[in-house]
Amino acid sequence: MTGLRQRMTVAAAAVVLAVLVTAAVFALLRIESGATRHAEDEGRMTLRLWEGLLDQSAAAARVAVGDPRLTDALERGNAAAVAERLGALGFTAVTVVNGAGQTLLAVPADQPIRLLDERRIGQVLARNDTQDGLVLTGGAAQLLLARPLGAQRPADRALVAIRPLTGSLEALAGVLGGSAFLVGSDGTLYGHAGPLAWADVRPAAERGEEVQATIGARGYGVRKLRLPKVAGTEGDGTLYLVTVRETTLAAMADSLLDSSALLVVLMVLVGGTLGLDWYFRRVFTPVYASMSALSALAAGDTGVAVLGAERTDEAGQLARTVEVFRSRSRALRDAEERRARHWLRQQSFIRRQMLRLSETLPEQGRRELLADLARIEAASEGRTPCARTDDPGALAVAFEVMAERVRDQHTALDGMVRQLQSALDTRTELVELQKQFEIARRMQAAILPPDLTTAPNHEADLEASGLMRPAAEFDGSFYDFFLTADGSLAVLIGQVSGGGLAAGFMTVTARAALRTLAAAGLGPAACLTGANRLLAADNAAGLSIGLAMGIVSPRSRRLVFAAAGVPEPFLLRRFGDVVDLPVAANPPLGLDPAMTAVETALDLPVPSTLVLCNGGLLDGENRFGVAFGRARLTGILGNLDDLSAASVTAAVSAGLAEHGGGAAMAVDRLCVALRVRA
């Protein structure tokens, strides 16, 4: 009970902690969001302040550039008077140019202002107004002013003056209470105001637009603001305003506030946990007595006293429930004692009856009956007589022994029946399998065509011959050759994986599909692709088939060939000249309905003989485990002195007989020869 109270206290404390953490997270997110908005607002305010200071500086410069004494000195060309007046008005240089952009007067003479081209000067003279803007010149960002010069209108000369922005930067730094810098995109300093040096601030400014930095053991907030692009002759015209404000006191205040908030949260958590523990202890104390009594009842002590049954709350209900359990435990113990006495009476009765029965049996039966009695007594010794109210005791043990004897007899009988049934099933399956193989062999033999000696046309002399060496069991291979509607000779071979009647049906289906598609005028690749879709659509057995199809045109002697899962064909060009015919390879058909076959087209030399074979011919092994092999077949073809189709198949048949010793192999072996004589 104490463990339950502690777990509830921990769970409640965890809930309180989760609520506090969630509130703290939301508060931090809100503070962070507020800080982000504050930073954005402060950045916009800083830009507006800088723009206002620039406007004030431009207004003051407009007034100063129209000074009569300066204008008079410029009209007279008195450089000394102009220089003296420039210092009083706060300008650093002034230049007088004509409408063509030529310099008429420059003060100082070695620093003529060349920041305006001829077009801009023409605009100033045409508008008859003062124009201003920021420029980067002389290693500083300065204010440039341009206005017409002379009494006549329109004027033919322009006055161009520049004035430093030191006053505006100092005013900005004073308002912000820190330092201000004007820098380029490469970090070049163009203006500075305030106590800090740019070399100390630059690393922080290059890290981002809004960063916190430590300079000289003090904290500073560094903000980098991009200004509109300015015209000038130095740099790329990109200018940044960098402001630096000290944040040491603000950081200390934030740290103190965070520490205080954390302390308050910890105090609330500790106080809440202690309060919950006190509350749970007060609630669960009246229940301890009832739980102790219940534990004693579980240990078998039915004489334990149950206190608190007179209470009207939940503790009183629990005490009354425990009293009910105690009464029922006493009744159950009395019933178990009665069953134990009944158990002993059953054992005595069964022993007397079985001993009396053994006296009437022959010696063998008497020994078996006494053995059963011994088993019953041994089994009864390990049973608990009072485990259940419906336990029949020793009588049940006796029935168990007899049931076991009956089960043994039935098991032996079932075994004999299963053996007999298995023998009958095996014989039946063997007969059915032999029937299937016989049907498949007949189907296979029926679809093989006779040799074609001469094609019935006058433009080409074609002949074809086939060879089939069937496997010991049906393997599902076939070959075929026939004439198409245009007089071309089509030749094909196929081999289905596996065997049996399913392979036979797939063989017939594949041959019929190829013949139908070829009769429709389709090429080998299209025929293989169409046959693949047909076979893959209904291939529940998961069989695959290797197919090769070639069509020889009698007029052009051109061979169009496509193969899927069969070896490359051979080409006999002359005596002793055997080459592998390079053709495009495709995977076996019947598995992937989306497969598209690729074909190869080439011209056959005249005369020549095309030889096709299946994988079973090349990979078939004899009783010594030696495969026939491509090299052996190449040697047989290379030693021929007659390249007719019938001679080729006869030589291959003799080679197979020599290799296999006349014994049937595990797979079909087939070969087809196609001869082009003229």
Side-chain angles (χ1 to χ4, degrees), residues 50-172 182 184 190-191 193 227-237 239:
W50 170 248
E51 291 172 356
L53 293 174
L54 284 182
D55 292 341
Q56 292 180 4
S57 179
R62 286 174 178 267
V63 174
V65 79
D67 181 68
R69 295 175 58 185
L70 176 62
T71 304
D72 180 65
L74 292 172
E75 291 283 358
R76 290 184 289 105
N78 188 345
V82 171
E84 178 183 357
R85 197 59 187 161
L86 285 179
L89 296 175
F91 291 98
T92 57
V94 66
T95 301
V96 179
V97 296
N98 58 17
Q102 297 176 344
T103 302
L104 303 178
L105 176 64
V107 179
D110 57 344
Q111 297 181 6
I113 304 174
R114 304 184 183 276
L115 302 177
L116 296 181
D117 54 15
E118 182 178 352
R119 182 182 61 82
R120 294 286 304 278
I121 294 174
Q123 292 178 355
V124 171
L125 296 177
R127 294 178 182 177
N128 192 26
D129 191 14
T130 302
Q131 296 187 11
D132 58 71
L134 289 181
V135 294
L136 302 179
T137 180
Q142 302 190 60
L143 181 65
L144 181 141
L145 294 98
R147 64 182 296 266
L149 180 64
Q152 61 179 0
R153 293 291 183 268
D156 58 351
R157 293 172 297 167
L159 168 65
V160 181
I162 57 176
R163 188 175 187 180
L165 298 176
T166 305
S168 299
L169 278 177
E170 290 178 349
L172 179 63
L182 289 175
Y190 290 107
L227 299 179
K229 194 170 183 180
V230 300
T233 58
E234 300 178 0
D236 58 357
L239 194 63

Exercise. Can you name the side chain to side chain contact (heavy atoms under 4.5 Å, CB included) partners of D55, sequence neighbours left out?
Worked result: none
Exercise. Roughly how far, to the nearest 0.5 Å, is the CG atom of L74 from the OG1 atom of T95?
Worked result: 10.0 Å
Exercise. In this structure, are over 12 heavy atoms from other groups packed under 6.0 Å from E75 atom CD?
Worked result: yes
Problem set entry | Closest heavy-atom pair and its distance - V94, A161 | CG2-CB, 4.1 Å
Problem set entry | Exercise: identify the closest heavy-atom pair between L105 and A79 | CD1-CB, 4.5 Å
Problem set entry | side chain to side chain contact (heavy atoms under 4.5 Å, CB included) involving A141 - partner list, sequence neighbours excluded | L136, L165, L182, Y190, L239
Exercise. Salt bridge (Lys or Arg N to Asp or Glu O under 4.0 Å): which pairs involve residues 92-101, sequence neighbours left out?
Worked result: none
Problem set entry | Minimal non-hydrogen separation, V65 against L159, with atom names | CG2-CD2, 3.6 Å
Problem set entry | Rounded distance [0.5 Å steps], CD1 in I162 versus CG in L143 | 10.0 Å
For this session: Report the residues that fulfil side chain to side chain contact (heavy atoms under 4.5 Å, CB included) with N78, sequence neighbours left out, ordered by chain and then residue number.
Result: R76, A80, A81
Seminar exercise, completed: Those residues at least two apart in sequence (or on a different chain) that pass side chain to side chain contact (heavy atoms under 4.5 Å, CB included) with Q56 are L53
Exercise. Quick one: does V82's side chain get under 4.5 Å of L70's, heavy atoms only?
Worked result: yes
For this session: Determine which pairs satisfy salt bridge (Lys or Arg N to Asp or Glu O under 4.0 Å) with at least one residue from residues 59-68, sequence neighbours left out, and list them in order.
Result: R62-D132, D67-R85
Problem set entry | Which atom of R163 lies closest to which atom of A64, heavy atoms considered | NH1-CB, 4.2 Å
